[in-house]
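Chain letters run A, B, ... following the sequence lines, proteins first and then strands; every chain starts at 1.
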Number of protein chains: 2
Amino acid sequence: MPVDLTPTQALGLWHEVTLQQVHQDGRDLTLRQLAILLEIYLVPPPHTVRGLAAKLGVTKPVITRALDTMGELGLVTRMRDDRDRRNVVIKRTVDGALYLEHLGDLIIARGRAQTL
Amino acid sequence: MPVDLTPTQALGLWHEVTLQQVHQDGRDLTLRQLAILLEIYLVPPPHTVRGLAAKLGVTKPVITRALDTMGELGLVTRMRDDRDRRNVVIKRTVDGALYLEHLGDLIIARGRAQTL
DNA sequence: GGGGAACGATACGGTAGCGTAACGAAAATC
DNA sequence: GATTTTCGTTACGCTACCGTATCGTTCCCC
C-alpha cells in the first residue's frame, strides 16, 4: 500500500485513522493502554506486569490498572503463573485479537485512501 | 518508505510509534485530543468549536476542554472572530506545528525500521 | 427593538486515570 | 526457618476527562 510516504502523508494517515477511531469506537483507550495492548499481541509471550512496565517505561500500577480496564473490556486476561506464583501471566483473547485486526485493517484502508 | 505494508506490519508500525510516544512524551494527549490537533493542523482553516465537534462526532464541551488543555500546553490558541463575535477561531502555534512535525518524523523513522 | 436561535463556555456529579507509598503472598537467600 | 527480595495489587489524594444541562453573549429576523 503506501509507497514513498512523506512525513505529511504519514500525519495524514494518522489523522484519518485517529478520526475514524474516535468516531466509531466507544471504548476510547488511552495511548498507554493501546501501547500495552499492542505489546501483548505483537511481541511473543510470556508477558508480565513488571515486564510491560519496564518496556513502556511506566510504573507497575499503571499496568495493573490498564489490565483491569482492558480486562473488563474483554481485550486481555490474566492468569497466575503456576511455576512462580508471584508472577501473573497476561493472556490474549479472541476479542482483543479482533480489536487489533480491525485496527490493522483500518490503517491499511486509510493508508490506501491516503496515497490515492 | 513503507512499501507493501501488510496489516500486521501496519500494526507493528503503530506499535513502535505508540511505544516511542509513551516513552518520551510526558504530555500524553488523549486520542480525542490528538484527533483535534491533527484536524486543526492538517485541514485548512478556519476551525471553530462547533465545526470540530461535528467533524469528530463529539459534543462541544469536549472540544472546549481539549482546547483548554492543549492551549495550556501551547499547542493551539483561540481568538474571537471579529466578524461574528459568537464564534471562536482556533489558531495554530509554532509549538503545535513542531509537535506534529516531530510526530510525523517519528512515524517515518519507525516505518522505515519496520520494513527493514 | 424584542423574541428567538446560534455559539462557546461553564457547572455539576460521576468516573477513571495518575504517582507515591504501603501491603500480602511467594520465592530466594543465608 | 527467619530475613530479605521480588511481584503484583491496593490505598490514598489528586487531577482530568466524561455527558447533560444551563448560562451569557452575539447575531438574526420579523
Side-chain angles (χ1 to χ4, degrees), chain A residues 18-19 21-40 45-92, chain B residues 18-19 21-40 45-92:
Chain A
T18 305
L19 217 54
Q21 199 74 357
V22 166
H23 252 113
Q24 71 188 22
D25 195 8
R27 279 177 273 211
D28 195 27
L29 295 187
T30 301
L31 189 66
R32 287 177 167 188
Q33 291 171 340
L34 180 59
I36 293 169
L37 196 62
L38 284 166
E39 181 75 20
I40 293 170
H47 296 287
T48 64
V49 172
R50 131 191 126 278
L52 292 173
K55 181 67 173 287
L56 296 180
V58 298
T59 59
K60 287 187 297 177
V62 168
I63 305 295
T64 296
R65 277 188 295 255
L67 294 178
D68 286 346
T69 301
M70 294 192 294
E72 285 179 12
L73 295 175
L75 300 178
V76 295
T77 318
R78 279 179 282 192
M79 289 183 50
R80 278 233 106 85
D81 182 354
D82 278 330
R83 286 202 291 263
D84 183 343
R85 298 189 51 73
R86 288 173 303 181
N87 291 346
V88 163
V89 181
I90 290 95
K91 299 280 192 183
R92 301 169 184 169
Chain B
T18 305
L19 216 52
Q21 198 75 356
V22 167
H23 252 113
Q24 71 189 21
D25 195 9
R27 279 177 271 212
D28 196 28
L29 295 187
T30 301
L31 189 65
R32 287 177 166 188
Q33 292 171 341
L34 181 58
I36 294 170
L37 196 62
L38 285 165
E39 181 75 20
I40 293 170
H47 297 287
T48 64
V49 171
R50 129 192 128 278
L52 292 172
K55 181 67 173 290
L56 295 181
V58 299
T59 58
K60 287 187 297 178
V62 168
I63 305 295
T64 297
R65 277 188 294 256
L67 294 178
D68 286 346
T69 302
M70 294 192 294
E72 285 179 13
L73 295 176
L75 299 178
V76 295
T77 318
R78 278 178 283 193
M79 288 183 51
R80 279 235 107 84
D81 183 354
D82 278 330
R83 287 202 291 263
D84 183 343
R85 298 190 50 75
R86 287 174 303 180
N87 290 346
V88 163
V89 181
I90 290 95
K91 299 281 192 183
R92 301 168 185 170

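- What separates CG of A:D82 from P of C:dA25 is a distance of 18 Å, to the nearest Å.
- Residue B:N87 contributes atom CG, which lies 18 Å from atom P of C:dA5 at whole-angstrom precision.
- Using modelled atom types, one side-chain atom of A:R80 and one backbone atom of A:R86 make a donor-acceptor pair closer than 3.5 Å.
- When the P atom of C:dC7 is taken as reference, atom NE2 of B:H47 falls 17 Å away, rounded to whole Å.
- What separates CG of B:L29 from C1' of D:dA16 is a distance of 13 Å, to the nearest Å.
- Separating the NZ atom of A:K60 from the C1' atom of C:dG24 is a distance of 12 Å, rounded to the nearest angstrom.
- B:I36 has its side chain out of reach of B:H47: every pair of non-hydrogen atoms, C-beta onward, lies at least 4.5 Å apart.
- Remark: B:T30 is not in phosphate contact with D:dA16, judged by side-chain N or O atoms under 4.0 Å from OP1 or OP2.
- Looking at B:R50 and B:T48, their side chains do bring a donor and an acceptor atom within 3.5 Å of each other.
- Taking atom CG of residue A:L73 and atom P of nucleotide C:dA16, one finds them 10 Å apart after rounding to whole Å.
- When rounded to the nearest whole Å, the span between CG of B:D84 and P of C:dA6 equals 12 Å.
- If you take CZ of A:R80 and P of C:dG24, they are 15 Å apart, rounded to a whole angstrom.
- Heavy-atom nearest nucleotides on DNA chain C were determined for A:D81 and for A:P61, and the one closer to the 5' end corresponds to A:P61.
- Picking from D:dG8, D:dC18, C:dC18 the nucleotide with the shortest atom distance to the side chain of B:V62 gives D:dC18.
- B:R86 has no side-chain polar atom (N or O) that falls below the 4.0 Å cut-off from OP1 or OP2 of C:dA9.
- Of the side-chain N and O atoms in B:R78, one or more sit less than 4.0 angstrom from OP1 or OP2 of C:dA9.
- The shortest distance between the side-chain N/O atoms of B:T64 and the OP1/OP2 oxygens of C:dG8 is not below 4.0 Å.
- Phosphate contact (OP1/OP2 of C:dC18, side-chain N/O of A:R65, threshold under 4.0 Å): present.
- Contact check, B:R32 against D:dG19: a side-chain N or O comes under 4.0 Å of OP1 or OP2.
- At the phosphate of D:dC17, OP1 or OP2 sits under 4.0 Å from a side-chain N or O atom of B:Q33.
- By the 4.5 Å heavy-atom criterion applied to side chains, B:L29 and A:L31 are not counted as neighbours.
- Proximity of B:T59 to the phosphate of D:dT20: no side-chain N or O atom is located under 4.0 Å from OP1 or OP2.
- A donor-acceptor pair under 3.5 Å is formed between the side chain of B:R92 and the backbone N or O of B:I40.
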